[in-house]
Engineer: 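My questions all concern the structure below.
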Amino acid sequence: MELIRALQLLKLNSVSTAWVDAVWDFEFTHTDSLDPVIEEEIKEDPDVFKTIYMQLLPFSSEDDDNTQSVWVVFGENGVFAKTLVAVLSYFILSAKTKSPSLEKRLCGLQAASLYLLLLKIPGSVANKVYHQILFDTCLNMPLKCWPQDSSKKRKKDSLKSSQGDTKTGKRSKPPKKVSEEMEIDDDEEEGVYFSAQDLLKLREGIVLLVRTLLRLLERFSLRDKPQSADSCVQLFTELTNFEPVIGDMSFSQERSVDQLKSLPELSYHGLGLLCSTIHGEGDECRRRVFRKLLYVILMMKTQERSKPCLLAPSQTVCGARDHAILFISHIVDKQREATLPLLRILVQHICHQMVEKSEYRASGAQTVGKLMAKMPCQDYAAIVKWLYSYSRNNKVAFRMFALDVAMVLLEQSERDVDDTVDPELAVFLPHRFLVHNIVYNHRNDVSPTVRGHALHCLAQCLELGSQNATKCVHELFSNSAQTMLESGRSEQTLKRRETVQKTALTFRTIELTKHKSITTTHRSVMNTSLQNEETMTLFKKHVSDPKTNARKSALETVMSLLKHGVISCSAENLSILSDRCRDPAVSVKKKAMQCLMDLLAALPENREVQEAWLRGVLPAVMDSESSVQEKALECLDHVVIAHIKSQGKYRDSDASQKLAWELLGLLCEKCQDLSRYFSKAFSVWAPQQKFTPAFVNGLLSHTEGERAAAAWLLLAKIASCSPKLNYGTILDTWENTIRSPIVSVTMTCHILSVLGDIASNLNDDTKTRIVDDLMSWLKTFSLPLEVIGSCVDTLVRFARSDNTQDTLKFLARFCGELVSVCESYLSGVILQEKGAENINEDLLVKHLYTLGAASLHCPSKVGKRIFLLVQSVLTPSEQQPVPAEGEDLPASQPLSQFKPNSMPTVVRAHAVITLGKLCLQHEELMLKYLPVFARELEVGTELAVRSNVVVVMCDLCVRYTNTVTRYIPNISACLRDKDPIVREQTLIMLTNLLQEEYVKWKGALFFRFAIALVDPDPTIADLCEYCLVDLLLKKSPLMFSQHFIECIFHFNSYEKHKKYNKFPQTESDKSKFSLKGPQNQGKRFRIYRFLLKNFTDEKRFNITTKICQDILASFVDSELPLDSEGSEMLADIFDILSLKEMKLTAMSGPAAGEEPQEDEMAMAKAVLQVAQKKLVSQVQKRNFVENVIPIIISLKNMLEEQHSPVLKHLMAYLQVTMQDYRLQVKELFAADEQLAAEVEYNLKQFEKEKQLQEQQQMENQLANFTLSPRRNGNAVASPAQAANVGGQTGFATPLNPHAAKGPAQTPKSALRRRTYAGLVTPVRTHSSPTVFSTGKPNNTSINEVTFGEQVSAICNESGRGSKVVDEEESVLHLMSPEQQKLVPRQWNVESPLVQKLRTKKRF
């Protein structure tokens, strides 16, 4: 018959019996070479195995006549199954050698398929065809025979190396030697080239093997073969992403094996078969499948003897993930009751093995949401409860992922409470719980990453389509007491339920660790004052967070709250966004501008929002970062410029056009102070030829009507850079303005600016007419001061010509005429009898202002008479007679020496400005009046006058730098002026001079500047900090370190040192700027901390050394007396040396709550930091030993002799410093054994106090230790009752079903296993629903949650008899290390490596 003829091609009769026996004796792990002659004869027909397969296929059908006769046919024809299996195994194992050829691979796949077909034929077990090792080897064939893509492998390996240890946050260990050998094998395979045809043949062989396996699994049970079942699951899982699936994969309709085309479809069909009860009782089979699909969902690849590694999220990998989710959902729908417990635990494991990479977190959160959607309300609520505990874990990645999952769940429809839900779990079903207790509660997380993400999620809650989430956020900011009471009841229920934990049979409970930042039992949530008083204060704090991402998320949240009306759009709330447009971080500036853009788009008609947008975006056009400037210009263009159209195209219904004109209107009214920023934007756009003639003409069409002021504002900005304008429209508007009795200040100034820009293009007649109009208008002295200044500026622009002499004549003629008119008026007021009594204050101010503005352009027309006239405004008329023309000026006297003047303060203030302008043009006048101004700063009582004097003197410093520099101490003394306006003005003016280097850091200037850091007005203190750090420190990087030591002397008013604090100061200045005494200690140290915070490690190190050598050594050498003043300063010095800001950053660990980023750059940085810390520590120790310790010992002896109170400050410094050298105290202080003993004793006392505090905290937690009442009325009284547990295996290497039934644990072992950091948590027995809980859970076990061998298990209670246990799955179940049993050997070949690994695990 055909079958026998086909079998004869294998030359079975020629194979020796000894060779066959040897193959079976080695249990198919090794075979000697087959006779070369026989092997060559078999290989003559490349399709020999396929031929036999086709002939044997009919015998595997369900036709009993055929299937029962095949073994009879073998016997009748002398075909031995043992020999056939041995020959097949030879070709199977040949395909597993290093770099096998295509022929070997194809033969191996076909031989494996043939072997699996033999197993399908009834009677195969009886004829001893099945062997587990050979069966498992056949299952590995598809993965071994398919060539590895080395490029993909390297990419995956790189992902793994960047991941590190995802469980502990530590760096991954170097690969073991075995792994290196495996990689060498893969590299050798690169030498074998496979064409597309070759790959197609290999795929056909794999498909044949998989189809045969599927047909086998339909009838061949793996119930008693757990290792083989695991191998099947491993194969099918690996093939799920073998190739892309064409079209959508559906599991709803049943299809036969022949109808499935792609390998992923075949794989999921196989997994579905393995989930059936034919392959195992209870949850064993489904648990096995769920365990493997977990890593497909997590987009990880499992590897032997190593942890899973991440796969690059390619389209294939993501497709396999989606198919795995669909398959699990299908299994849950099909076998609902049996799979729900596994589904809950699968969700828990997804959460626990989630990595911190954002793309994987997003994918995992969506997966959890889809799986939870399959759960009934009871299970859903139990998982949400578990997620709440999970969100309070001490690992950042867990808290981040909990927020992601909460957001996914909020996107789903809210579940209604039904009768099936436990009343105590009902609180977990509403969206309100997710928003309040998971999202909002992390707003103050210790980790900035989590804080930022929580705020981002809170903002996203308002953007969700669900009204419930939005309503929940509104509740957080409402004043409803009822809402707060309900929240309190929910929190009480949570706290009661948090004590409930479940243990399933032999598997330990893992209580989820709650992070210290969120274990406060949420009493604040129950406190009504939190919601009412803390909300916006809290967000103001968050937008000033030290971490950039947290600030950005806080801005996004504030924007959403404003956008959706949760908080009012008040100026105070909107300033949070606009102020952050000047944040130090570039990304925060851009985020703030984007938030303002989004808010303006949502609320375009809100005037407060419009103003906030202008105050945030416009100043950014002058930002130091070009990218921020570009962003601001883009915003301006998008919102304003792009929507300016002609009058005919304007529509009120067009919100964009309306918004653009309203913003321009605000610039003309409330926001005129932003004009210079607006001008800067146009100066950038001008070279780009952005404004076309059509744009300008469209703008001119708006110059009449309600939008006229805004149109002239734009015209004033673009007139100088635009093409030829329609001068007729401009001149007509000017004529109307001149004749109008009402003057619009802003619009008139813009019209005058446009006239000045087009002056050069006008003819002489028009120019003359406009100049005459300007002069006649100015001579009326009825214009506002702003218009007067604009008129004079326009007059000067009309004077410009190519001929300089003509320009000077023009200015001398018209400006001189104005000066003359003003001089006549002032003479009339001051010289006439009783002229000052009937003074018109407003008119006098306008004359003074006009005189000052005009005199700058015609200094030759300003006579000595005018000088004294202006001075006379500042003095009584009878005190200072004005000389006639040609007389010399008398010697000037300081203003403060004059008698009180009858002139109003506003007139005197303007007179100071005018006098300053005159001094700018006349140096001799400046020399006479500088002492006057300086004296006025000392004794003047009028705020406006003093403020203007500061401005005048600083302007004179620019013009006459060398002369005015002598008066900088007088100006800087105003930093302690009684009025905050003068202090702020002085700070700004001095900063400008220092920036332009007109003034140097000489004398006491730096210390007076630093005093402003502790100004009683916090606005001035913040301004000073900004000026010092962001403006001045960049120009003088050594400024802080050069002045730090002298700060100590200066602020303590200590003058006995030969070098420091020796600059000249008056007694009044000394008292004014002194921070001496204990009452000012807080202010002094605020300055010290600020300076040290901006030091580099090098500067800190040098300052420490310099303090010891220059100050402490001076006391030791008796150069400085140890009197009361010296003691106070010495105490300051030791306290400074003890500051945490003085500690080198290289010696400090990462900030609290921060976890290292798990990527290659961060790992390299971590390695560098460790090396740097070691090196710095050695250098610091050497410096400490050589330079510091000798001085400290001598100083301590001196202080002891004098019984000085400074001694306690010295010992406190040593206690802080020696924390880094805890084990080297005796070595370092060998020269003073008593001091060493004292330091060591102090350190021990410090540690004892710390331990006592921790113990007290634990006792407080144990005081809350409660027992949950048993439902049957009994309670377990001791841990011993909880130790009697049984055993069952789960997601682990399959064990002998009887091996898990070990002896019960002793109470001692159970107690030891549950002990961590001195805290005992009893374990309950599986037969009792009683649960014990403590405030602090086991912190180590949570990081061991993995599906690695003999570590974890997805477990289900047998029978679901206890509804309580099933309904309250709030924890993961892990197998105890004491319960791990060795896997019984099922064959007699075991490698030394496996023995070594097993020995390690055992110990």
Side-chain angles (χ1 to χ4, degrees), residues 950 954 968-978 980 982-995 997 999-1055 1057 1059-1066 1068-1077 1079-1096 1099-1100 1103 1106-1107 1110-1111 1128-1129 1132-1133 1135-1137 1139 1141-1142:
V950 170
C954 289
I968 290 299
N970 301 82
I971 300 174
S972 61
C974 293
L975 289 169
R976 297 291 276 180
D977 193 274
K978 61 181 179 179
V982 177
R983 298 200 300 271
E984 183 178 10
Q985 184 84 284
T986 306
L987 185 64
I988 294 172
M989 298 302 294
L990 284 176
T991 300
N992 290 334
L993 292 176
L994 288 164
Q995 270 190 294
E997 298 186 356
V999 173
K1000 304 293 184 181
W1001 291 110
K1002 293 181 179 180
L1005 180 58
F1006 177 84
F1007 313 106
R1008 295 184 177 186
F1009 220 98
I1011 285 283
L1013 290 168
V1014 292
D1015 193 278
D1017 188 337
T1019 305
I1020 297 177
D1022 291 342
L1023 176 62
C1024 179
E1025 184 173 337
Y1026 169 76
C1027 292
L1028 282 172
V1029 175
D1030 295 299
L1031 301 179
L1032 301 175
L1033 188 61
K1034 293 178 179 179
K1035 293 190 71 70
S1036 305
L1038 301 178
M1039 176 174 66
F1040 289 174
S1041 57
Q1042 287 175 344
H1043 292 88
F1044 184 81
I1045 291 181
E1046 196 156 12
C1047 279
I1048 303 173
F1049 288 91
H1050 182 78
F1051 295 136
N1052 281 281
S1053 300
Y1054 191 84
E1055 299 179 345
H1057 196 278
K1059 175 180 177 184
Y1060 296 113
N1061 202 25
K1062 290 299 183 181
F1063 36 79
Q1065 289 187 95
T1066 63
S1068 62
D1069 285 347
K1070 288 181 181 181
S1071 61
K1072 189 184 293 186
F1073 287 93
S1074 174
L1075 292 179
K1076 184 179 179 180
Q1079 70 276 10
N1080 291 316
Q1081 185 184 24
K1083 294 181 179 180
R1084 293 198 303 272
F1085 275 83
R1086 203 180 312 163
I1087 297 173
Y1088 299 150
R1089 289 177 187 274
F1090 169 79
L1091 298 177
L1092 288 171
K1093 195 192 310 178
N1094 293 280
F1095 274 24
T1096 61
K1099 293 175 183 176
R1100 290 189 181 96
I1103 281 293
K1106 202 170 182 181
I1107 287 175
D1110 288 9
I1111 305 178
E1128 288 182 9
M1129 192 179 70
D1132 256 20
I1133 291 171
D1135 291 344
I1136 289 171
L1137 293 173
L1139 291 175
E1141 288 83 1
M1142 185 63 89

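This one's a predicted model, so the numbers in the text were calculated from it and none came from an experiment. Numbering starts at 1 and runs along the sequence shown.
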Engineer: Indicate the atoms forming the closest heavy-atom contact of P980 with I1020, along with that distance.
Structural biologist: O-CD1, 3.5 Å
Engineer: Please tell me if the side chains of S972 and F1009 come closer than 4.5 Å, counting only heavy atoms from C-beta onward.
Structural biologist: no
Engineer: Quick one: do K1070 and E1055 make a salt bridge, cutoff under 4.0 Å?
Structural biologist: yes
Engineer: What is the minimum heavy-atom distance between P969 and R1008, and which atoms define it?
Structural biologist: O-NH1, 2.7 Å
Engineer: If the condition is ring-ring contact (aromatic ring centres under 6.0 Å, His included), which residues does Y1060 pass it with, not counting sequence neighbours?
Structural biologist: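 In terms of ring-ring contact (aromatic ring centres under 6.0 Å, His included), with neighbours along the sequence ignored, Y1060 is linked to F1049, H1057.
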Engineer: Do I1136 and F1085 have side chains that approach each other closer than 4.5 Å (heavy atoms only, starting at C-beta)?
Structural biologist: yes
Engineer: List the atom of I971, the atom of T986, and the distance in Å for their closest heavy-atom pair.
Structural biologist: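 Minimum heavy-atom separation between I971 and T986: O-CG2, 3.3 Å.
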Engineer: For the aromatic rings, using the six-membered ring if either is Trp, is the centroid distance between F1007 and F1063 under 6.0 Å?
Structural biologist: yes
Engineer: State whether the number of non-hydrogen atoms from other residues, nucleotides or ligands found under 6.0 Å of K1072 atom NZ is greater than 12.
Structural biologist: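 Atom NZ in K1072 is crowded, with more than 12 foreign heavy atoms closer than 6.0 Å.
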Engineer: Answer yes or no: is there a side-chain heavy-atom contact under 4.5 Å between M1129 and I1111?
Structural biologist: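 Counting from C-beta outward, M1129 and I1111 do come under 4.5 Å.
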Engineer: Distance under 6.0 Å and angle within 45° of the ring axis: does R1100 meet both against F1095?
Structural biologist: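 Verdict for F1095: no cation-pi partner in R1100.
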Engineer: Is any side-chain heavy atom of Q1081 closer than 4.5 Å to one of D1132?
Structural biologist: yes
Engineer: Ignoring hydrogens and angles, write down the donor-acceptor pairs under 3.5 Å from the side chains of residues 1027-1034, residues two or more places apart or on other chains.
Structural biologist:
none

Engineer: May I ask you to test the H1043-H1050 pair for a side-chain heavy-atom distance under 4.5 Å?
Structural biologist: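 Side-chain contact under 4.5 Å: no.
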Engineer: Using side chain to side chain contact (heavy atoms under 4.5 Å, CB included), reason through L1075 and I1087 one step at a time and then give a plain yes or no.
Structural biologist: CA-CA 11 Å; L1075 292 179; I1087 297 173; 3.8 Å; yes
Engineer: Among all residues two or more places apart in sequence or in another chain, which pass the side-chain hydrogen bond (donor to acceptor under 3.5 Å, both in side chains) test with R983?
Structural biologist: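 Testing R983 for side-chain hydrogen bond (donor to acceptor under 3.5 Å, both in side chains), a comparison that skips the adjacent residues, returns D1015.
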